[in-house]
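Data first, discussion second: the structure below is written as structure tokens.
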Amino acid sequence: MNAVCIVNGKDHSLEAGETVERLLARLGLEGGYALVERNGEPVERSEYREVELRDGDRIIVARPVAGG
Amino acid sequence: MNAVCIVNGKDHSLEAGETVERLLARLGLEGGYALVERNGEPVERSEYREVELRDGDRIIVARPVAGG
Amino acid sequence: MNAVCIVNGKDHSLEAGETVERLLARLGLEGGYALVERNGEPVERSEYREVELRDGDRIIVARPVAGG
Amino acid sequence: MNAVCIVNGKDHSLEAGETVERLLARLGLEGGYALVERNGEPVERSEYREVELRDGDRIIVARPVAGG
Amino acid sequence: MPAEGDEVQDPLVIAEREFGSRLLVGTGKYDSFETMRDAVLASRCELVTVAVRRIDLDAGGEDITSFLPVNVLLLPNTSGAETAEEAIRVARLARAGGLPDWIKLEVIPDARYLLPDPVETLKAAAALVEDGFTVLPYVLPDPVLAAKLEEVGCATVMPLASPIGSGRGLKLRDSIRIVIEQANVPVVVDAGLGSPSHAAEAMEMGADAVLVNTAIARARDPVAMAHAFRLAVEAGREAFLAGVMGEGDAEASSPPVGVIPGA
Amino acid sequence: MPAEGDEVQDPLVIAEREFGSRLLVGTGKYDSFETMRDAVLASRCELVTVAVRRIDLDAGGEDITSFLPVNVLLLPNTSGAETAEEAIRVARLARAGGLPDWIKLEVIPDARYLLPDPVETLKAAAALVEDGFTVLPYVLPDPVLAAKLEEVGCATVMPLASPIGSGRGLKLRDSIRIVIEQANVPVVVDAGLGSPSHAAEAMEMGADAVLVNTAIARARDPVAMAHAFRLAVEAGREAFLAGVMGEGDAEASSPPVGVIPGA
Amino acid sequence: MPAEGDEVQDPLVIAEREFGSRLLVGTGKYDSFETMRDAVLASRCELVTVAVRRIDLDAGGEDITSFLPVNVLLLPNTSGAETAEEAIRVARLARAGGLPDWIKLEVIPDARYLLPDPVETLKAAAALVEDGFTVLPYVLPDPVLAAKLEEVGCATVMPLASPIGSGRGLKLRDSIRIVIEQANVPVVVDAGLGSPSHAAEAMEMGADAVLVNTAIARARDPVAMAHAFRLAVEAGREAFLAGVMGEGDAEASSPPVGVIPGA
Amino acid sequence: MPAEGDEVQDPLVIAEREFGSRLLVGTGKYDSFETMRDAVLASRCELVTVAVRRIDLDAGGEDITSFLPVNVLLLPNTSGAETAEEAIRVARLARAGGLPDWIKLEVIPDARYLLPDPVETLKAAAALVEDGFTVLPYVLPDPVLAAKLEEVGCATVMPLASPIGSGRGLKLRDSIRIVIEQANVPVVVDAGLGSPSHAAEAMEMGADAVLVNTAIARARDPVAMAHAFRLAVEAGREAFLAGVMGEGDAEASSPPVGVIPGA
């Protein structure tokens, strides 16, 4: 059975060794500012390439939006 | 044919020798302040008893009402 | 004895045939806007050259000044 | 040598066994509201009669005054 | 008017007549004459305005004057008049028919904002004074116009605080202040006062009286509101006489010395 | 407090205690204690503030409390305190010495504008409530802070209208309106009210009470001014209950139909 | 006036003449004509007021007009006139002597507050229009008077914001708003504007132009202030055309959904 | 930021970084990103706020940052946070993901009036400064709180003029004036400015900058309105530096001597 993490409240089946960078690519979010929190802690952009996701991780993917 | 005056825009058949006082009585306005204008000129209250109305007179009967 | 007119409240001895234009020249007011009233009536600028002053004339010489 | 306490910043020679109540009496403050702090702690009015002052005590005597 | 022998302190004096109250009340817009009467009583006012209108002979209807206390002076207004001529006509009709020769002069050509016509008002005022009326003209707070109205013999000037019935309060306070400062006749602030605090403010500024209608008639409880205005007018007048403090900078109410922590 | 058996209508209730008057008065800045006493009496207030200060043992001086009516509850303030710790110290001193356990909490680090410290005030309030005091904190009209003070158990919130002693009135009315709307404890508008109309306006907005000091003490006639404030507070309260009309557009007070000139 | 061929967008049009700027500037109260000139240039105004006065024949003095840019239209005023007759006399003198037949009509009997006389102003306006002048009358913001001035042919109405030279801003904004709403000629707000924000506010309300004198002349740096007013008038006009949002309740600028903590 | 070598006069300096514009713009509430971009360009602002929100993975949607000019510094806000902890979390998320380490700190527990929590804001500010952020906190104009925020190292204080999105202008001007007077860091007036004249007024009072969102985004023509705000901010700043005249009494602009009628 595949490893699964939760991204913005929904299940996401992990590929083997899926990094944050790979996750964003799979979500179609390569460009621009994608902000990532893993289990309540922010992930540094410089580590997106290295950080691998694990089964059960709670991930938030956010970005800047219109606001005042 | 009777003499007729116009009271507040409506025809009013005059009795013979009808005074302002009589007019007011016929209109049910004996008490209180009835203000009377005849042909554009005010009629003094003290003369209501004497002033007789004539055929064709334009009469306005007014009174104090709620106002600011 | 010379003819005299009053300019802005002061006596002014008239030359023979002194026009408004000549008056202004004698007062050092050739350039700019000099506005002239004679005996309470304004004098048209186009007539400064013709209008001759007479003995006893009350003259006001005014001009635009700073104002709001 | 007498025991001395400091009352509102000034030296005050203590009588033997001088209580807060006695202190206030000596200061002419029997009536009204005299509020007493000893060494930074408030003294309960009900204990003025018992609490004895000691050498070196820092006393503040205060009262209600005009204020908004 | 107070009972014989009962001397009013600090009365309002208009045309040599004394009034025990500095609150004038309009009678318009009440749900019923009964409520109006109770509000007038609660207000303790002694001068109330009425309009003059043709009687609808088919409709009948009650006589408003029978609901008004006897000690109250009726002040007919010229509402409806758009010119000096029309205002004069209404005033003369009212007087001839037995109403007082006091007249609240309104000449209002503009139905949208109900603002008065300064030129026609002045013209009518002069004619009515000449004809023996005691004239109380309703005007914008225009100090020069107010002086002219005084000059032709008006008994008061009645500058508006804000448009009639708007309840917006002393929007034109800067002009009213000047009218008050320069007037030699009583200044009655009229129109636009929406709450007792507005009335109190006008009185604190030195107005001699205020006239209120809509704010009382259209309150949820008109009788209580009338009473509230009465209190506020008294408060404002008393404060004016007692000398209101000026605005200033912050200043402590408690003394700077002897503070406990400073030990 | 009213005499036994004399039931007050619409009392002010703070910490379950009833007061017959919605006007609180400060005792500072009067020319004499006699004038202060007469003003307090004229105001009919039942809750008066006092400061707490060291006695100047050389100067002597009279006891202010002997000039205050017996039916009046003394409300000591913590003026002079610049931190929570200092304020707590003053409060405890006052209570130990026999003053009420009610405290007007002021923590004011800024001598120029006399504005309170929200963080220290909240800290002191929590500690004093914990220690059994009935706490009435003086604050900027900050609705979120007011909710926090309520949460820690304060008996009222006392937002300032404008800086203490400035007489500038309800400069911060927009914030005060929100504080009033959201509060579950009585809101006492404190500081900056310069005239009775200011007090009436605060009450019309729904404030439960107001506290006045400088505007009375520094009037030309403080006793008359105290009376004027009393009337204004009653007027404002009564108007609030009677339902103040909203602001609107112009609307005639006299009827549009039946006008004479329209003949 | 803009150069030939250079079409001004959204020009101010008075009496069929186009102006590229909606700022009118008065020339009074400057420390020197040089500063005045530089301020006029910085303001980019195209219509400047001057007064008319007798020449002091002993003192001499320079000619103000030599300091004014050639593209600027001189607008003589009738300051000093206390009656219609005097104002007409000044206007006719100015025109006869070669000044434009445009006249800023001021009839001011009151030296204390410098407020205009509505009746004499209307009388003078009618006579001057009849005599061929382009008349710009200075008045209180009296909507009914403004309509009368329009009716007799005035090219604008120039309501005052607050007393001349006071810098108090739009104290009479409620009346000015009505004047603007009802006018069919350009409304030039004149007198009392003390800072660029006041000018911007007048323009946002829909005024067609503003006239400023004291606020520029009496600034520490009049030339910079003239420039600031120019920007503010442009800002206010642009905002008026762009549709200023109305006042409302609080409403978040950031979206309510997707907040991080809500995870 | 201006191009290399292009020296800005009178720049806004926050945390040692210079900005050529004193107008900050929010990006919320526009009809489209295109309009937002054009408004940002018209405003010439160099500092724009953005919110941080979870991506709706089903909805997709465009990236706002691709619509923003490159010379503009993004200022993420912590909107959505109701506590210090939540605000810190948002700030750290934004920075980790590559947004600037500048943060507009908002802690807003109240959804109705959107007013900030002074205690939690101070707590978060201290923690974020400690953590290396440049912190711009959004607060009520509370001068004592502002001093505390400065003390813990905030780069600015951002007092609100009136509730967010209300467009009501400088309702709390008295408090803002004190904040400005006492601040040693730039004061950015934020929230509630509804029109360019409001912005100009804030700048004339000495504010270092203003932040505007709703008033631009919700104008009929947001791009023109952005330009109008730019002009107004420049006007207000220039006026502040040029020395705004104080308010005073009436004073004639034309000379009292030499009047024609006085002949």
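Numbered from 1 within each chain, the chains take letters A, B, ... in sequence-line order.
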Considering all heavy atoms, the nearest E/Val244-F/Gly194 contact: CG1-O, 3.7 Å
Distance (rounded to the nearest 0.5 Å) between E/Glu234 CD and F/His227 NE2: 7.5 Å
Which atoms of E/Val223 approach chain F - backbone, side chain, both or neither, heavy atom under 4.5 Å: neither
Enclosure of E/Arg44 CZ (heavy-atom neighbours >12, cutoff 6.0 Å): no
Pairs of heavy atoms under 4.5 Å with chain E: top-ranked of F/Ala219, F/Ala228, F/Gly246, F/Gly167: F/Ala228
Segment of E/Leu241 engaging chain F (4.5 angstrom heavy-atom cut-off): backbone
Which atom of F/Ala235 lies closest to which atom of E/Leu231, heavy atoms considered: CB-CB, 3.7 Å
Minimum heavy-atom distance between E/Pro255 and F/Ala51, given as atom pair plus value: CD-CB, 4.2 Å
Spacing of CG belonging to E/Asp221 relative to CD belonging to F/Glu238, to within rounding of 0.5 Å: 8.0 Å
Contact leader toward chain F among E/Ser166, E/Gly165, E/Gly28, where contacts are heavy-atom pairs under 4.5 Å: E/Ser166
Chain F interface, residue from E/Ala217, E/Gly243, E/Ala242 that has the most non-hydrogen pairs under 4.5 Å: E/Ala242
E/Ser254 OG to F/Ile164 CD1 distance, which is reported to the nearest 0.5 Å: 7.5 Å
Carboxylate-amine/guanidinium proximity below 4.0 Å for F/Arg218 and E/Glu251: yes
Largest heavy-atom contact set with chain F, pairs under 4.5 Å, which of E/Ala200, E/Gly80, E/Pro163, E/Pro196: E/Pro196
Under 4.5 Å from a heavy atom of chain F, the part of E/Glu204 involved: side chain
Top of F/Glu247, F/Met203, F/His198 for chain E proximity - count of heavy-atom pairs under 4.5 angstrom: F/Glu247
Contact winner vs chain E - F/Arg220, F/Met225, F/Arg53, heavy-atom pairs under 4.5 Å: F/Arg53
Top of E/Glu82, E/Arg237, E/Glu201 for chain F proximity - count of heavy-atom pairs under 4.5 angstrom: E/Glu201
Contact origin within E/Asn77 toward chain F - heavy atom pairs under 4.5 Å: side chain
E/Arg168 side-chain N/O to F/Gly248 backbone N/O, donor-acceptor pair under 3.5 Å: no
Per-residue contact mode, F/Val233 against chain E (heavy atom under 4.5 angstrom): neither
Which atom of F/Ala252 lies closest to which atom of E/Leu114, heavy atoms considered: N-CD1, 3.3 Å
Residue part contacting chain F, namely of E/Pro222, when any heavy atom lies under 4.5 Å: neither
For chain E, the option from F/Ser195, F/Ser79, F/Ala111 that forms the most heavy-atom pairs under 4.5 Å: F/Ser195
Residue part contacting chain F, namely of E/Val52, when any heavy atom lies under 4.5 Å: both
